[in-house]
Amino acid sequence: MSGDVQGVGYRWFVRGQAAARGLAGSATNLADGRVEVVLEGPEDDVRAVLDALTGPDAPGAPRDVAPTDEDPVGASGFTTG
C-alpha cells in the first residue's frame, strides 16, 4: 500500500479490519514509506478487507493496492511492525 499511510494509524486500522473478519497476517511499515499488508483467511473476507484499505474510513491517503496471491502458510493472529 502506498500513499500517506505512515504515522496516521493505518496499521492499526488494518489490524482492526482483519480482526473483525477473523483474518491472520501483518501490517508492516517499509523503509520507502509504503505499508506491506499480509492477509490470510477465507477469500471473501480477504477481499472485504482489501476493499476497506482504500475506502473512505481508511486513515491517511492510501492508494495503489497491489495484491498478490500466495499459498497460505497457516498463520495465526495479526501483528504490526
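These values consider heavy atoms only, across backbone and side chains, with no hydrogens, waters or symmetry-generated copies.
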Under 4.5 Å between any side-chain heavy atoms of Tyr10 and Asn29, yes or no?
-> no
Given side chains that start at C-beta, do those of Leu23 and Val49 come closer than 4.5 Å, heavy atoms only?
-> yes
In terms of hydrophobic clustering (I, L, V, M, F, W, Y; side-chain heavy atoms under 4.5 Å; direct or indirect links), are Val46 and Val38 co-clustered?
-> no
CZ-CD distance between Phe78 and Gln17, expressed to the nearest 0.5 angstrom = 10.0 Å
How far apart are the closest heavy atoms of Ala52 and Ala58, and which atoms are they?
-> O-CB, 3.8 Å
Take atom CG of Asp32 as the centre, draw a 6.0 Å sphere, and report whether it contains more than 12 heavy atoms from other residues, nucleotides or ligands.
-> yes
If you measure from CD on Glu40 to CG on Asp45, what distance do you get to the nearest 0.5 Å?
-> 12.5 Å
Closest approach of Pro59 and Phe13, non-hydrogen atoms and distance?
-> CD-CG, 3.5 Å
